[in-house]
Every structure is written in C-alpha cells, then in structure tokens.
Participant: 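Here you go, one structure.
Given the structure is predicted, the values throughout are model-derived calculations rather than measurements.
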Amino acid sequence: MPEGHTIHALAARLNRTLGGERLAVSSPQGRFAADAALLDGRPLDQATARGKHLFIDFEDLILHVHLGLIGSFHVKHAVQYDSPGTPARLRLEGRSHVAELRGPMICALVDEEDRQSVLAKLGPDPLHRPDQDTGALRSWDRIARSRKAIADLLLDQSVVAGVGNVYRCEVLFRHRIDPFTPGKELGRVLWERVWNDLVILLPLGMAFSQILTMQDQVDAAAEMVADGSSLSITEALTGERLGDHFERRFHTYKRTGQPCDRCGRIVREQLIGGRTLYWCPGCQRRRRR
DNA sequence: ACTGAATGTGGAG
DNA sequence: TCCACCTTCAGTG
C-alpha cells in the first residue's frame with residue numbers, strides 16, 4: 001500500500017517507537033539473517049524517508065528498505081507479539097514495540113555513498129521540507145524537456161519522488177489535465193499548481209494514513225490539522241491516525257465504467273507508464289495554454 | 001516494450 | 001478461489 005505518504009509516516013513511527021534504543025534484530029524468515037546479526041544490539045539512531053525509500057541509521061550501518069508493491073512494515077506494541085502468518089524478513093524488537101518487515105522489494109545494508117547515489121536519482125519530494133519550495137522548478141526542468149505524457153512523468157521517481165498511481169490519477173483529475181499531454185506542452189504555471197497541490201495532499205495523506213483527494217475530505221482534514229484540537233500534533237506529524245477516518249472515495253481511481261462525479265461522463269482506464277491510468281474523458285481534455 | 005519477482009490482502013466472481 | 005495491485009528492477013526481445 002505504499003506511496004510516499006506511507007513511507008514518511010512509517011519513518012516517523014519508527015523514530016517514535018524505537019528511536020534511540022538498542023534493538024534485538026533478527027530475520028525469522030532467514031533471507032536477511034547475516035545482515036540482521038550485524039545490526040543486532042545496535043541503537044536505531046534515525047529513520048528517514050525520501051520518496052518511497054526508507055533509510056534506517058544504526059550508527060555507521062544504514063538499512064535501506066523499499067516496500068515495492070506488496071511489502072509491509074508493521075509496528076506494534078511488544079505485548080501483542082502475535083506474528084501473523086509468514087515469518088518476517090526483518091524483525092526489530094525494542095522495549096515497548098516490535099517492527100516486522102515482510103515482502104520488501106529492497107532490504108539491504110548500504111553505506112553513505114550508496115545512500116547518496118539513491119537520493120541523487122530522486123526528484124523533489126513533496127513531503128521533504130527543503131524540496132517543497134524548490135521542487136516545482138526542479139521538476140519543471142525535467143517535464144518541460146520531455147515529450148512523454150504527463151501521466152507517465154508523474155510516476156517517474158526521478159521527476160517527482162513519492163507520487164504513485166492513486167495520486168497521479170487523482171491530481172490530474174483535480175487540475176482537469178488530459179493525462180496524455182506531453183510534458184513540454186503542459187505549461188509551467190499549470191505544473192506549479194499541480195506541484196503546490198501535491199505539497200498539500202501528501203502531508204494530509206501522511207497525517208491520516210489515507211490518500212485524500214476529494215475536496216470535501218481535503219478541507220475537513222486540513223481543518224483538523226490546523227485546528228489541533230481534533231488531531232494532535234503528534235498524530236498529524238507521524239500519521240498515527242490510522243485509516244477509516246474518511247470514507248474511501250476517489251474521483252477516477254478504480255472507477256472505470258462509473259460516471260464522473262463532476263460531469264457524468266464514464267471514467268476510462270488505460271495502461272500508461274506500466275500502470276493502469278484512470279481518467280475522465282469529459283473533464284480531462286487537452287487545453288491550449 | 002514486456003516479463004517475472006518479492007508475497008499480503010481486499011474486492012470481484 | 002482468484003487476482004490485481006498505492007512498486008521497481010533485472011532480464012529478455
């Protein structure tokens with residue numbers, strides 16, 4: 001279930017529940033056993049997310065994790081140590097909490113040079129504060145030079161880091177953009193609006209552990225964060241509020257064959273950028289700029 | 001451009 | 001019961 005908001009919430013949660021502690025590290029499943037032994041007994045200094053990548057610093061050793069499509073990294077109270085189903089690739093056990101990693105695409109020990117080369121390949125991340133101001137221009141540099149469709153470019157992690165299939169479909173709908181518009185024909189001003197929207201949407205997704213793109217839900221969520229009374233700072237910053245606070249609703253994602261909630265035209269799907277794109281042919285037409 | 005892995009799980013049939 | 005999938009990379013045409 002991972003787009004960028006999930007990984008950032010996970011990093012925050014690991015810091016809160018296991019940060020600073022010396023951990024019992026193991027690989028019940030076995031495939032990571034040798035490396036787990038190297039981490040065993042070391043302090044977890046810091047977990048950091050960038051795009052969909054997670055880095056966990058254990059002194060000079062760095063654990064690099066990418067969940068891929070089906071990976072999961074569950075953090076739970078140590079008392080509820082009922083490990084579900086298959087043994088975990090990686091198990092981190094602290095005094096109060098246990099984290100278990102299953103089915104990751106990447107789980108490897110790396111050095112600082114490796115980390116920097118991963119980061120160097122990533123575009124700006126709407127959830128990374130230093131990128132929030134500069135990201136629109138940095139990503140526009142890439143988009144403006146590309147003939148590829150904007151729907152394709154949005155999934156390219158070297159253009160924008162952290163956006164996945166749901167956010168791409170939904171943000172294109174929110175700005176009524178024809179997904180097949182070549183990057184170079186999109187227009188800088190329109191792209192800036194999309195970027196600024198992502199800078200709002202991904203942090204809200206992180207705060208609520210749920211992708212929110214319907215404007216009524218976005219407004220309600222933003223108000224709860226600003227309000228502070230209904231959502232604690234901690235919850236907002238760590239994504240501690242898990243799911244089911246909002247009904248799962250989208251404009252186009254997985255709505256093939258159903259009428260568009262704005263214009264009534266039938267939502268369509270098509271493979272682009274290797275993934276299923278959902279869009280409304282009525283709202284999302286090519287525009288002259 | 002397309003295919004197969006990693007391997008959990010919710011929703012369609 | 002099946003299978004697509006909020007992902008990416010390595011390996012093949």
Side-chain angles (χ1 to χ4, degrees), chain A residues 1-10 27-32 35 49-55 64-76 82-91 99-108 110 114 117-123 125-127 147-149 151-174 198 201-214 217 239 242-244 246-258 269-279:
Chain A
M1 0 155 135
E3 297 193 26
H5 68 295
T6 307
I7 311 305
H8 282 257
L10 173 59
S27 177
Q29 177 228 40
R31 286 182 55 183
F32 195 65
D35 287 333
R50 195 76 88 253
K52 301 168 189 169
H53 292 262
L54 176 70
F55 296 96
H64 178 204
V65 171
H66 192 299
L67 293 182
L69 184 61
I70 60 177
S72 67
F73 206 155
H74 291 121
V75 184
K76 50 192 182 144
D82 53 321
S83 293
T86 63
R89 177 84 61 91
L90 172 70
R91 179 182 163 90
E100 290 188 329
L101 173 68
R102 289 183 175 78
M105 194 182 65
I106 295 171
C107 173
V110 300
D114 298 325
S117 92
V118 171
L119 294 181
K121 287 173 198 143
L122 294 178
D125 177 350
L127 276 159
R147 281 163 302 184
K148 283 191 188 168
D152 200 344
L153 293 167
L154 271 172
L155 285 188
D156 184 339
Q157 301 296 300
S158 70
V159 175
V160 179
V163 170
N165 201 23
V166 180
Y167 278 121
R168 99 156 151 174
C169 296
E170 293 287 309
V171 83
L172 287 171
F173 179 91
R174 281 170 62 86
L198 292 171
L201 295 179
L202 272 88
L204 285 180
M206 175 180 167
F208 289 88
S209 297
Q210 189 180 356
I211 296 177
L212 303 172
T213 63
M214 306 292 284
Q217 296 184 331
L242 299 173
D244 70 24
F246 291 95
E247 184 193 352
R248 188 181 156 90
R249 282 195 278 132
F250 298 117
H251 291 288
T252 61
Y253 182 73
K254 290 249 177 110
R255 291 197 66 245
T256 307
Q258 296 175 235
E269 69 170 67
Q270 183 176 323
L271 216 58
I272 175 166
R275 318 294 311 287
T276 308
L277 168 79
Y278 304 86
W279 88 104

Participant: Mind calculating the distance between NZ (K254(A)) and P (dG11(B)) to the nearest angstrom?
Facilitator: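 Taking atom P of dG11(B) as the reference, NZ of K254(A) is at 9 Å.
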
Participant: Write down the distance between CD (E269(A)) and C1' (dA12(B)), rounded to a whole number of angstrom.
Facilitator: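 Atom-to-atom, E269(A) to dA12(B), this comes out as 14 Å.
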
Participant: Nearest to the side chain of Y253(A), heavy atoms from C-beta on, is which of dC5(C), dT7(C), dC6(C)?
Facilitator: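 Nearest listed nucleotide: dC6(C).
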
Participant: Would you measure the distance from the P atom in dC2(B) across to the matching atom in dC5(C) and give it in whole Å?
Facilitator: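 It comes out at 15 Å once rounded to the nearest Å.
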
Participant: How long is the line joining CG of L202(A) and P of dC6(C), in whole Å?
Facilitator: 15 Å

Participant: For the side chain of E170(A) and the backbone of T252(A), is there at least one donor-acceptor N/O pair under 3.5 Å apart?
Facilitator: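 It does hold such a pair.
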
Participant: Could you go through nucleotides 6-8 of chain B and list every protein N or O atom that sits under 3.5 Å from one of its N or O atoms, giving the distance for each pair?
Facilitator:
| residue | atom | partner | partner atom | Å |
| --- | --- | --- | --- | --- |
| dA6(B) | O3' | R89(A) | NH2 | 3.2 |
| dT7(B) | OP1 | Q29(A) | NE2 | 2.8 |
| dT7(B) | OP1 | R89(A) | NH2 | 3.2 |
| dG8(B) | OP1 | T86(A) | OG1 | 2.3 |

Participant: Between dC9(C) atom C1' and R275(A) atom CZ, what is the distance in whole Å?
Facilitator: 14 Å

Participant: Over how many whole Å does the gap from R255(A) atom CZ to dG11(B) atom P extend?
Facilitator: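 So the two atoms are 16 Å apart, to the nearest Å.
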
Participant: Identify whether any heavy atom of K121(A) sits under 4.0 Å from a base atom; if not, whether one sits that close to sugar-phosphate; answer base, sugar-phosphate or nothing.
Facilitator: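 Nothing: the residue K121(A), judged by heavy atoms under 4.0 Å, touches no strand.
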
Participant: Take the protein atom NE2 of H5(A) and the nucleotide atom P of dC6(C), then report the distance between them rounded to whole Å.
Facilitator: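 Value for this atom pair: 13 Å.
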
Participant: Can you give me the closest heavy-atom contact between G164(A) and L155(A), atom names plus distance?
Facilitator: C-CD2, 3.5 Å

Participant: For R50(A), give me all partners under side-chain contact (heavy atoms from CB on, under 4.5 Å), at least two apart in sequence or on another chain.
Facilitator: T48(A), L119(A), L122(A), D125(A), H128(A)

Participant: Measure CG/L198(A) against P/dC6(C) and give the value in whole Å, please.
Facilitator: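 Interatomic distance, CG of L198(A) to P of dC6(C): 17 Å.
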
Participant: Taking only the P atom of each, what is the distance from dT7(B) to dT1(C) in whole angstrom?
Facilitator: 23 Å

Participant: Look at the aromatic rings of F55(A) and H64(A) and report parallel, tilted or perpendicular, splitting at 30° and 60°.
Facilitator: parallel

Participant: Output the rounded distance in Å from CD1 (I211(A)) to C1' (dT7(C)).
Facilitator: 13 Å

Participant: Which part of the nucleic acid, if any, lies within reach of F32(A) when heavy atoms closer than 4.0 Å are counted: base, sugar-phosphate only, or nothing?
Facilitator: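 Answer is nothing: F32(A) stays at 4.0 Å or more from every strand.
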
Participant: Ignoring hydrogens and angles, tell me if any N or O in the side chain of Q157(A) forms a donor-acceptor pair with the backbone of G162(A) under 3.5 Å.
Facilitator: yes

Participant: Determine the Euclidean distance between corresponding P atoms of dG8(B) and dA10(C); express it in Å to zero decimal places.
Facilitator: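 Approximately 23 Å lies between the P atom of dA10(C) and that of dG8(B).
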
Participant: Would you call the rings of H251(A) and F173(A) parallel, tilted or perpendicular, where under 30° means parallel and over 60° means perpendicular?
Facilitator: parallel

Participant: With rounding to the closest Å, how many angstrom separate the C1' atoms on dA1(B) and dC6(C)?
Facilitator: 24 Å

